[in-house]
Amino acid sequence: MAPFSKVLDLFLPPRCISCQKIVLDPYTLCQDCWEQACFLSAPCCQICGLPFEFDVPDSALCLDCAMCAPPFAQARSVFPYDDFSRGVILAFKHGDRTDLAPAFAGWMVQSAMPLIEHCDVVVPVPLHWRRLLKRRYNQAALLALEISKRSALSYEPALLKRTRHTPVQGHLSRMARQKNLQGAFQIIGDIEGMRILLVDDVMTTGATVLGCTKTLLGAGAKEVRVVTLARVLPNKNV
């Protein structure tokens, strides 16, 4: 198998997932793109993972979480949603680059391992069947499946269902998104006492994650933790 792989690399060498430059290993970034990529890490808010620009204690909270803690226990993201991450995420989300899911999931596991250790199952944010039919795949489900392969978590894509088709939320405010998502999710099955890792690609205002979390907790989940590939930082445009 290894010799065949080397022959294949000779004719179809692996390329950077961002700029397509030839690299040594498949599904990684070239040196130039590694230097452009911003990976979110500590110091950050203990709850939502918002990065701080200065050193703070591990238990520090951002202003929003200190004033009104979200219903999820913790959230973490790999990237800020910026010029660099936007390109690879849109290729994955709308450009049929489903082959990127394993690489993205590996980064998500590395970023959120302390959260994963507290969870029992991994659940993707669902798409309504009409949007799934149009897009042909749920990018959050692909990420959740790969995360389950890299952890001890059970993959449960059918636990959370999107029952109402909502308009595209791209330019809606946080409040408008929350109103748009009211009653949009439903639990299928028994989740009493489960500790759930909720997975999505991008957290924008957080309305979708909040809607899913409230639905899960309302149906008996013990707690919900969240991991996304990227998140929009305050004062940043999507």
Side-chain angles (χ1 to χ4, degrees), residues 48 68-77 81 89-90 92-96 98 101 104-105 108 112 115-116 118-149 153-232 238:
C48 77
C68 183
F72 53 76
Q74 286 182 293
R76 294 293 183 270
S77 302
Y81 194 64
I89 291 172
L90 290 181
F92 171 59
K93 188 171 183 176
H94 299 294
D96 292 335
T98 57
F104 290 158
M108 294 169 80
L115 281 65
I116 291 172
H118 289 281
C119 294
D120 304 310
V121 300
V122 56
V123 175
V125 169
L127 288 179
H128 188 268
W129 68 265
R130 287 169 59 184
R131 188 159 294 163
L132 182 59
L133 189 64
K134 180 179 180 180
R135 190 176 292 172
R136 294 176 290 111
Y137 60 91
N138 178 1
Q139 69 281 356
L142 295 179
L143 294 172
L145 175 60
E146 293 298 332
I147 288 172
S148 74
K149 293 177 180 178
L153 303 187
S154 171
Y155 174 57
E156 300 291 346
L159 279 181
L160 189 61
K161 181 180 180 181
R162 196 161 193 149
T163 57
R164 186 163 58 82
H165 183 61
T166 53
V168 176
Q169 302 196 123
H171 301 291
L172 296 181
S173 67
R174 176 182 294 185
M175 292 300 294
R177 289 182 186 224
Q178 290 179 1
K179 184 176 180 180
N180 192 33
L181 290 168
Q182 287 179 358
F185 302 103
Q186 178 185 345
I187 300 300
I188 306 298
D190 181 14
I191 62 169
E192 187 71 32
M194 286 188 180
R195 301 175 301 170
I196 293 173
L197 183 72
L198 182 66
V199 174
D200 204 2
D201 57 347
V202 180
M203 183 162 61
T204 308
T205 66
T208 300
V209 163
L210 290 176
C212 291
T213 298
K214 290 176 181 178
T215 300
L216 291 163
L217 294 174
K222 183 177 181 179
E223 63 182 15
V224 177
R225 298 172 193 268
V226 179
V227 60
T228 64
L229 183 56
R231 64 172 292 171
V232 175
V238 178

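A quick note: this is a predicted structure, and the numbers were derived from the prediction, not measured. Sequential numbering from 1 along the given sequence is applied to the chain's residues.
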Over all atoms of both residues, closest heavy-atom pair of [X] and [Y]:
{"X": "Phe185", "Y": "Thr163", "answer": "N-OG1, 4.1 Å"}
{"X": "Lys93", "Y": "Tyr137", "answer": "O-OH, 3.2 Å"}
{"X": "Thr228", "Y": "Ser77", "answer": "OG1-OG, 2.6 Å"}
{"X": "Lys161", "Y": "Pro126", "answer": "C-CG, 3.9 Å"}
{"X": "Leu143", "Y": "Ala101", "answer": "CD2-O, 4.0 Å"}
{"X": "Val227", "Y": "Ala112", "answer": "CG2-CB, 3.7 Å"}

Open item on the list: Quick one: does any side-chain atom of Asp201 pair with a main-chain N or O of Asn138 as donor and acceptor, under 3.5 Å?
Closed with: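 Not confirmed, Asp201 side chain does not pair with Asn138 backbone.
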Task: Option from Val122, Leu217, Val123 for which side chain to side chain contact (heavy atoms under 4.5 Å, CB included) with Ile196 holds - done: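 Single pass found, and it is Val123.
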- [ ] Please tell me if the side chains of Arg231 and Arg76 come closer than 4.5 Å, counting only heavy atoms from C-beta onward.
- [x]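 Result no, sub-4.5 Å side-chain heavy-atom pair not found.
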Open item on the list: Just so I know, are the side chains of Val125 and Leu198 near enough to count as touching, which here means a heavy-atom distance under 4.5 Å?
Closed with: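 Yes, at least one pair of side-chain atoms sits under 4.5 Å.
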Name all residues meeting the side-chain contact (heavy atoms from CB on, under 4.5 Å) criterion together with [X]; count only those two or more places apart in sequence or in a different chain, and write none if there are none.
{"X": "Ile187", "answer": "Leu160, Ile191, Thr215, Leu216, Ala219"}
{"X": "Asp120", "answer": "Arg195"}
{"X": "Arg136", "answer": "Asp96"}
{"X": "Pro157", "answer": "Pro124, Tyr155"}

When rounded to the nearest 0.5 angstrom, what distance separates [atom1] in [X] from [atom2] in [Y]?
{"X": "Leu210", "Y": "Phe72", "atom1": "CG", "atom2": "CZ", "result": "6.0 Å"}
{"X": "Ile147", "Y": "Leu142", "atom1": "CD1", "atom2": "CG", "result": "11.0 Å"}
{"X": "Leu229", "Y": "Ile89", "atom1": "CG", "atom2": "CD1", "result": "4.0 Å"}
{"X": "Glu223", "Y": "Cys119", "atom1": "CD", "atom2": "SG", "result": "6.5 Å"}

TODO: State which residues pass side chain to side chain donor-acceptor pair (under 3.5 Å) with Lys149; sequence neighbours excluded, sorted by chain then number.
DONE: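 Partners of Lys149 by the side chain to side chain donor-acceptor pair (under 3.5 Å) criterion, ordered by chain and then number, come out as Glu146.
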Open item on the list: Using the side chain to side chain donor-acceptor pair (under 3.5 Å) criterion, which residues pair with Ser154? Sequence neighbours excluded.
Closed with: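 Partners of Ser154 under the side chain to side chain donor-acceptor pair (under 3.5 Å) test: Glu156.
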